[in-house]
Amino acid sequence: RRLLGPPRVKLDDDCSDEAIFRALLEKLDENGIPIPGVAGLVDPNRTGNMNGVNLKDCLSGLGVDISQDRACELVKDYTMDPSGSHMPTKGFVALLQAQAKKL
């Protein structure tokens, strides 16, 4: 389901991780979603883990267009998982909260 609101943001494959975090944080703010609320968006089935597919879907629902590859790359950059394909949802929320303090 699409949230109505401001125009969509398009992020290229060569955008920085910070640009992705910034876009996500801005959209959460615009939609009145607190940062912990992102857990339900990146982990809709409440599995305790999220991945690049979930991240892309979450961003898309908030109005940010990003490629699947780039979303997966961001997860790979921050995960401790050897396969690099997913990370704990709680870890992603904590990461986003840390980014919010920096940006």
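Among all heavy-atom pairs drawn from V75 and S85, the shortest one is CG1-O, 3.9 Å. Minimum heavy-atom separation, R46 to G40: NH1-CA, 3.0 Å. Minimum interatomic distance between G52 and A71 (heavy atoms only, all atoms of both residues): O-CB, 3.4 Å. I35 approaches A100 most closely through the heavy-atom pair CD1-CB, 3.6 Å. Between I20 and C15, the shortest heavy-atom contact is CG1-SG, 3.6 Å. Here the closest non-hydrogen pair linking P44 and N54 is CD-ND2, 4.3 Å.
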Requested in this report: Give the intermediate values and the outcome of side-chain contact (heavy atoms from CB on, under 4.5 Å) for residues H86 and T79.
Outcome: CA-CA 7 Å; H86 63 271; T79 187; 5.8 Å; no
Report task. Run the numbers on L41 and I33 for side-chain contact (heavy atoms from CB on, under 4.5 Å), then give the verdict. Result -> CA-CA 10 Å; L41 301 175; I33 301 169; 4.1 Å; yes
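The CE atom of M87 sits 10.0 Å away from the CG atom of L55 when rounded to the nearest 0.5 Å. A distance of 9.5 Å separates CZ of R22 from CD of Q99, quoted to the nearest 0.5 Å. Note that SG of C58 and CG of L28 are 6.5 Å apart. Values are rounded to the nearest 0.5 Å. Interatomic distance, CG of L25 versus CG of L62, reported as 10.5 Å (0.5 Å rounding). Atoms NZ and CG, from K56 and L74 in turn, are 14.5 Å apart once rounded to the nearest 0.5 Å. Atom CZ in R8 sits 4.0 Å away from atom CG in D65 (nearest 0.5 Å).
In this structure, D12 contributes its side chain and D14 its backbone to no donor-acceptor pair below 3.5 Å.
Taking the six-membered ring where tryptophan is involved, the planes of F21 and Y78 are perpendicular, since the angle between them exceeds 60° and thus also 30°.
Under 3.5 Å, the side chains of S67 and D13 contain a donor-acceptor pair of N or O atoms. When only modelled atom types and interatomic distance are considered, T47 and N49 share no side-chain donor-acceptor pair under 3.5 Å.
Contact of the D81 side chain with the P88 side chain is not registered, since no non-hydrogen atoms from C-beta on lie closer than 4.5 Å. Looking at D43 and V38, their side chains never come closer than 4.5 Å, going by heavy atoms from C-beta outward. At least one side-chain heavy atom of V53 sits less than 4.5 Å from a side-chain heavy atom of Q68.
When the side chains of ILVMFWY residues are joined at heavy-atom separations under 4.5 Å, either directly or via intervening members, M80 and V42 end up in two distinct hydrophobic clusters.
We find that E73 and K76 are not joined by a salt bridge, their nearest charged nitrogen and carboxylate oxygen being 4.0 Å or further apart.
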